[in-house]
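See below for the structure under consideration.
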Amino acid sequence: MVAHGEQRDVIAVLCHDHREVEEMFDRFARIPLDDEQGRRELVDQVVIELARHSVAEEQHLYPAVRRILPDGDEIADRETADHAAAERTMKELEELEPSDHRFNDAFGRLVREVQAHIAEEEGELFARLREVCDPDTLLDLGRKVERAKRFAPTRPHPVAPDRPPLNRLTGPGTGLVDRARDLLTGRGR
């Protein structure tokens with residue numbers, strides 16, 4: 001746990017998000033098949049966290065990767081493509097009922113997509129960033145990512161822009177609409 005006011009660098013922020021999502025994946029595996037409400041609620045929490053995380057990475061981390069690393073465009077394009085695949089799967093999950101046999105298949109696919117993405121980021125990208133970035137740059141990125149997550153959409157939007165400047169312009173408005181819908185429906189409580 002981070003003390004109030006303590007700043008985390010971008011790698012710490014994103015790794016913390018990864019652990020939270022992995023813990024939710026583990027919790028899902030323990031929910032009985034006949035607990036459809038519990039399964040829906042947990043999948044909604046996973047989608048909310050992944051949507052916010054992805055938008056923040058696309059708004060701040062990947063543009064920095066493009067600027068900082070010599071092969072940054074290739075890396076950012078690959079990571080953004082991973083996000084797009086996961087968003088399509090999340091959208092599919094939103095439209096399925098937990099009683100539908102395709103629900104478990106889609107959730108399993110999302111778990112695999114996200115685990116591969118986490119392994120790539122933590123196994124390669126974060127180490128490379130730590131090598132070339134000074135601590136202040138990583139802290140600044142961490143602040144930007146945390147701020148972006150507060151205003152980011154909470155639902156998948158597969159056709160929304162995923163690169164600046166358009167994603168920075170549309171993200172907060174879409175996030176506001178998503179949070180209003182969540183409040184009205186009770187989603188994510």
Non-hydrogen atoms of [X] and [Y] that approach each other most closely:
X	Y	result
L42	M24	CD2-O, 3.4 Å
R52	R150	NH2-N, 4.3 Å
V65	A76	CG1-N, 4.4 Å
E113	A85	OE1-O, 3.7 Å
P63	Q59	CG-O, 3.5 Å

When rounded to the nearest 0.5 angstrom, what distance separates [atom1] in [X] from [atom2] in [Y]?
X	Y	atom1	atom2	result
D73	D77	CG	CG	6.0 Å
E146	R8	CD	CZ	4.5 Å
L50	T89	CG	OG1	10.5 Å
I11	C133	CD1	SG	7.5 Å

inquiry  = Tell me whether Q37 at atom CD has more than 12 heavy atoms from other residues, nucleotides or ligands lying less than 6.0 Å away.
reply    = no

If Ile, Leu, Val, Met, Phe, Trp and Tyr residues are connected whenever their side-chain heavy atoms lie under 4.5 Å apart, and connections chain through other members, are [X] and [Y] in the same group?
X	Y	value
I118	V145	no
V132	L141	yes
L14	V21	no
L139	L61	no
V13	F151	no

message = Any donor-acceptor pair under 3.5 Å linking the side-chain atoms of H53 with those of E57?
response = yes

note = E121 meets the side chain to side chain donor-acceptor pair (under 3.5 Å) criterion, sequence neighbours left out, with H18, Y62, H117

task = With sequence neighbours excluded, give me every salt bridge (charged side-chain N to carboxylate O under 4.0 Å, His left out) pair touching residues 125-145.
result = D9-R130, D71-R128, E124-R128, D140-R143, D140-K144

Contact between [X] and [Y] at the side-chain level, heavy atoms closer than 4.5 Å - yes or no?
X	Y	answer
E22	R19	yes
V46	F28	no
C15	E122	yes
K149	E49	yes

Using atom types as modelled, flag every donor-acceptor pair under 3.5 Å from a side chain in residues 101-109 to any protein atom, sequence neighbours excluded.
from : atom 1 : to   : atom 2 : distance (Å)
R102 : NE     : D100 : OD1    : 3.1
R102 : NE     : D100 : OD2    : 3.2
R102 : NH2    : D100 : OD2    : 2.6
N104 : OD1    : R39  : NH2    : 2.3
R109 : NH2    : E92  : OE1    : 2.4
R109 : NH2    : E92  : OE2    : 3.3

query = Is the shortest side-chain N to carboxylate O distance from E74 to R66 below 4.0 Å?
reply = no

key: Candidate pair R78 and E120, rule side-chain contact (heavy atoms from CB on, under 4.5 Å), full reasoning   = CA-CA 10 Å; R78 184 177 62 237; E120 233 177 86; 2.7 Å; yes

Verdict with supporting geometry, R40 and E97, salt bridge (charged side-chain N to carboxylate O under 4.0 Å, His left out) = CA-CA 8 Å; R40 167 54 64 200; E97 293 299 322; 5.2 Å; no

